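Comments concern the structure below.
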Amino acid sequence: MPDAARRPYVVGNWKLWGTRAAATGYCERLAELEPDGGWPVDTGLAVPFTALDAVVAGLHGRATAVLAQNMHQEQEGAFTGEISAPMLTELSVDGVVLGHSERRQLFGETDRALQEKVPAALAAGLQPILCVGETEEERERGETERKLRGQVQEGLDKVADERLADVVIAYEPIWAIGTGQVATPEQAQEAIAFVRALVADRSREAAELTRVLYGGSVKPGNAAEILAQEDVDGALVGGASLDPESFAQIVAAAAQ
Ligand code: PGA
């Protein structure tokens, strides 16, 4: 079980799903599923930009955080097609997923840009979820730790030690994302303990408080086993979060 200081956190990542109409219906169903007294762990939904305000409205008065799935590091400027932190906070968005592997692999996201994005999110009052993870080839070549070290060190490079614990990190092995091939609980624990040790290299105190999530093919049927691992503080859930029932089941598994 995670350290008591680290409240479990389950975040749904809708990716490119969710019109405003669908988002509103989702929030209504999720509200029906929410137990009296609220969810037993921290929860969040990372949704498309166009659905953010619909989800903020749909979850009004509830503890579930609303997150964007990307953000530009600058507040404004000649960056066609981008969205900035003040544009998100204006909508009462709580946080932002940064460096998701799909952004890195398909849209050219770089560690260099993330070095600016993570502190920019913090400065604006947004909770960053920094995603890291290795490809299948990197794991087979024994390069998982090297890859994670680079991504974590660069992503946190410009974050002051006192703010480190405000960054949530999601370990998402790329071979497990959307493939149904979930990491074993041991693989998840090992990699996440390594990520925590990397934070400890900066600040031992922060490492005790930093929440590190697992992501990659988390489903209601496999969540409990992974979330029971000592260093696994929650989950970033893609496909299974599109159905409010299965999202609620994963949240319940995180509370066990
Ligand atoms: P998945 O996606 O749960 O559909 O594998 C996880 C993610 O990309 O965050």
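Both counts, for ligands and for their atoms, begin at 1 and track the order of listing. Small disclaimer: the values here were computed from a predicted structure and weren't measured.
- Residue contacts with ligand 1: Ser217 is placed with a nitrogen or oxygen under 3.5 Å of a nitrogen or oxygen of the ligand (distance criterion only).
- Distances from ligand 1 to the non-hydrogen atoms of Ala176 include at least one value under 4.0 Å.
- Checked by distance only, ligand 1 and Gly178 come closer than 3.5 Å through their nitrogen or oxygen atoms.
- Each of the atoms 7 (C), 8 (O), 9 (O) of ligand 1 lies under 4.0 Å from some heavy atom of His100.
- Crowding of Leu16 atom CG: a count of heavy atoms from other residues, nucleotides or ligands under 6.0 Å not exceeding 12.
- Electrostatic pairing of Arg112 and Glu154 does not count as a salt bridge here, judged by no charged N lying under 4.0 Å from a carboxylate O.
- Considering CD of Glu90 and CG of Leu52, their distance stands at 12.0 Å, rounded to 0.5 Å.
- The shortest N or O to N or O distance between Gly215 and ligand 1 is not under 3.5 Å.
- Nearest protein heavy-atom neighbour of atom 4 (O) of ligand 1: Gly239 N, 2.8 Å.
- The single protein non-hydrogen atom nearest to atom 3 (O) of ligand 1 is Gly238 N, 2.8 Å, given as residue, atom name and distance.
- Backbone and side-chain nitrogen or oxygen atoms of Ile177 are examined, and none is located within less than 3.5 angstrom of a nitrogen or oxygen of ligand 1.
- Atom CG of Leu30 and atom CG of Leu59 lie 6.5 Å apart (nearest 0.5 Å).
- Taking every heavy atom of Leu236 and a limit of under 4.0 angstrom, the matching atoms of ligand 1 come to 9 (O).
- A distance-only check finds a donor-acceptor pair linking the side chain of Arg196 to the backbone of Thr210 [under 3.5 Å].
- For atom 2 (O) of ligand 1, the closest non-hydrogen atom on the protein side is Lys15 NZ, 3.2 Å.
- At distances below 3.5 Å, at least one donor-acceptor pair connects side-chain atoms of Asp94 with backbone N or O atoms of Val66.
- The closest donor-acceptor contact from the side chain of Ser84 to the backbone of Gln75 lies under 3.5 Å.
- A donor and an acceptor atom, one from each side chain of Tyr171 and Glu134, are located under 3.5 Å apart.
- Remark: minimum distance from atom 9 (O) of ligand 1 to any protein heavy atom is reached at Glu172 OE2, 2.6 Å.
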